[in-house]
Amino acid sequence: MSDKVRQNYTEKQKVNVFEQEFLPHIDSMYNFAYRLTFEEDDAKDLVQETYLKAYRFIDSFEQGTNAKAWLFRILKNSFINDFRKKSKQPSKVDYNEVETYYNSEDVDPTITTDLRVETIQHMIGDEVSNALNALAVDFRTVIILCDLEGFTYEEMAKILDIPIGTVRSRLHRARNLLKDKLKIYASSMGYK
Amino acid sequence: MQCPDKANCFEILELMMDGEATEEQKKSFELQIQHCMPCYKKYHLDVAIKEVLQTKLNNKPAPVDLVDSIKLKINNNTI
Ligand SMILES: [Zn+2]
């Protein structure tokens with residue numbers, strides 16, 4: 001992910017890197033894009049733009065390093081710079097991240113239902129997906145990167161250009177928020 | 001029963017769950033947290049949510065024409 005060493009690939013090597021290391025991630029990239037934009041056409045555009053940029057800047061990618069994280073970082077930046085501006089999504093969340101770190105239990109005292117493991121396990125994909133989609137994009141993003149894509153904290157810090165401490169606090173908050181959404185959902189469905 | 005050190009418990013639980021705990025933290029998890037019921041319950045719930053996210057969300061394959069369209073654009077730009 002660092003650009004300290006610039007590669008000097010031949011055209012043939014470029015195509016090789018592109019096909020062997022970049023294209024295999026297209027499904028993950030598409031799903032990430034779709035979970036950011038909620039629109040198939042936007043997701044396609046975003047992925048396409050990401051791959052074109054990746055090709056253009058291929059010399060700053062070192063063959064054999066973490067292509068997936070590198071691509072996700074480009075996609076995330078394209079989303080912020082180009083897509084978020086156009087869309088109606090609120091882009092800023094109020095972070096008091098450091099202060100609320102690990103002090104944010106019992107976020108909403110009105111939700112008294114205790115969410116149970118069995119309740120979660122009985123939920124269907126759409127229910128969980130709706131809860132995730134209801135989170136502000138920055139919170140949704142850390143959950144996607146960590147829990148769905150399995151990136152490490154360190155990789156996430158590079159993808160998002162934030163310190164690891166911020167990754168962890170944001171992830172912690174995101175999980176609490178998600179839990180609240182799931183709780184509200186569970187009690188509205190009469191789950192106990 | 002109340003947890004004696006919630007902040008520390010939660011921190012280690014989250015590290016465990018994400019596979020980011022050091023050996024030392026793993027040990028402290030085994031010694032301390034497994035015996036802390038409030039936190040252990042929370043841990044199970046968090047793990048269940050993580051598993052549901054990993055297993056139940058629908059993943060769509062990228063549209064079939066997407067790769068072709070990307071390759072076409074690259075070829076047009078480089079020739
Ligand atoms: Zn505890």
Side-chain angles (χ1 to χ4, degrees), chain A residues 11 14-15 18-19 22-23 25-31 33-35 40-41 43-44 47-52 54-56 101-103 105 114-129 131-132 143-144 146-148 150-154 164 168 171-172 175 178-179 182, chain B residues 1-22 25 29 32-33 36-79:
Chain A
E11 286 307 310
K14 281 185 190 177
V15 172
F18 194 80
E19 302 214 334
F22 294 176
L23 284 181
H25 299 294
I26 194 143
D27 286 340
S28 298
M29 298 280 283
Y30 180 73
N31 278 283
Y34 184 74
R35 291 193 169 104
E40 288 180 15
D41 284 343
K44 271 173 78 169
V47 172
Q48 175 157 300
E49 201 182 304
T50 303
Y51 273 99
L52 296 181
Y55 193 79
R56 206 178 315 141
Y101 193 17
Y102 299 120
N103 285 320
E105 302 316 303
D114 230 4
L115 196 56
R116 292 175 18 181
V117 169
E118 304 84 78
T119 307
I120 293 293
Q121 286 167 342
H122 286 137
M123 284 187 177
I124 59 167
D126 283 351
E127 297 168 340
V128 183
S129 181
L132 179 63
I143 291 187
I144 294 169
C146 183
D147 294 337
L148 274 60
F151 285 113
T152 64
Y153 295 165
E154 200 185 337
I164 287 187
R168 289 177 58 190
L171 187 59
H172 183 75
R175 283 175 169 152
L178 179 66
K179 213 178 293 172
L182 290 169
Chain B
M1 188 176 127
Q2 283 287 316
C3 171
D5 188 0
K6 222 176 175 182
N8 185 41
C9 260
F10 286 166
E11 187 175 352
I12 293 181
L13 290 171
E14 217 153 10
L15 292 170
M16 287 291 296
M17 184 169 82
D18 295 330
E20 299 263 357
T22 62
Q25 284 162 330
F29 171 79
Q32 175 197 345
I33 298 166
C36 177
M37 270 323 280
C39 292
Y40 206 52
K41 257 172 85 176
K42 180 189 144 58
Y43 180 62
H44 275 295
L45 184 62
D46 285 352
V47 169
I49 294 174
K50 185 167 178 142
E51 277 170 6
V52 163
L53 285 169
Q54 284 168 339
T55 55
K56 290 204 182 167
L57 291 193
N58 286 324
N59 282 312
K60 303 169 177 242
V64 280
D65 55 345
L66 186 54
V67 171
D68 289 341
S69 135
I70 291 169
K71 283 186 179 170
L72 192 70
K73 281 229 155 90
I74 288 176
N75 287 333
N76 288 344
N77 288 344
T78 48
I79 290 168

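Just so you know, these numbers come straight off a predicted model, no measurement behind them. By convention in this document, chain letters (A, B, ...) are assigned in the order of the sequence lines, proteins followed by strands, and residues within each chain are numbered from 1. Excluded from the calculations below are hydrogen atoms, water molecules and symmetry mates; all remaining heavy atoms, backbone and side chain alike, are included.
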**Asked** OH/A/Tyr34 to CG/B/Asn58 distance, rounded to the nearest 0.5 angstrom?
**Response** 10.0 Å
**Fill in**
Turns out that what part of A/Arg35 lies under 4.5 Å from chain B's heavy atoms comes down to side chain
**Item:** A/Asp126/B/Lys56 ion pair, N-O < 4.0 Å
**Value:** no
**Contact class of B/Asn8 relative to chain A, heavy atoms under 4.5 angstrom** = neither
**Fill in**
Output for pair (A/Gln121 CD, B/Thr55 OG1), nearest 0.5 Å, gives 9.0 Å
**Message:** Under a 4.5 Å cutoff for heavy-atom pairs, which residue among B/Leu66, B/Val47, B/Asp18, B/Leu15 has the most contacts with chain A?
**Reply:** B/Asp18
**Message:** Is A/Leu23 close to chain B through its backbone or its side chain, or both, or neither, when contacts mean heavy atoms under 4.5 Å?
**Reply:** side chain
**Note, A/Arg168 side chain near B/Glu20 side chain (heavy atom, < 4.5 Å)** = no
**Request:** Please tell me if the side chains of A/Lys179 and B/Lys42 come closer than 4.5 Å, counting only heavy atoms from C-beta onward.
**Result:** yes
**Asked** Which value, rounded to the nearest 0.5 Å, describes the distance between A/Leu182 atom CG and B/Ile49 atom CD1?
**Response** 5.5 Å
**Request:** Output the distance between atom CG (A/Asp147) and atom NZ (B/Lys50), rounded to the nearest 0.5 Å.
**Result:** 4.5 Å
**Prompt:** Mind checking whether B/Ile74 and A/Phe18 have side chains closer than 4.5 Å, heavy atoms only?
**Reply:** yes
**Request:** With the side chain counted from C-beta on, respond yes when B/Leu57 and A/Asn31 share a heavy-atom pair under 4.5 Å apart, and no when they do not.
**Result:** no
**Prompt:** What's the spacing between A/Tyr153 OH and B/Glu14 CD if we round to 0.5 Å?
**Reply:** 5.5 Å
**Asked** Top residue by heavy-atom pair count (under 4.5 Å) with chain A, among B/Ala48, B/Gly19, B/Pro61, B/Ala62?
**Response** B/Ala62
**Prompt:** To the nearest 0.5 Å, what is the distance between CZ (A/Arg175) and CG (B/Asp46)?
**Reply:** 7.0 Å
**Request:** May I have all residue pairs that pass ring-ring contact (aromatic ring centres under 6.0 Å, His included) and include part of residues 49-76 of chain B, sequence neighbours excluded?
**Result:** none
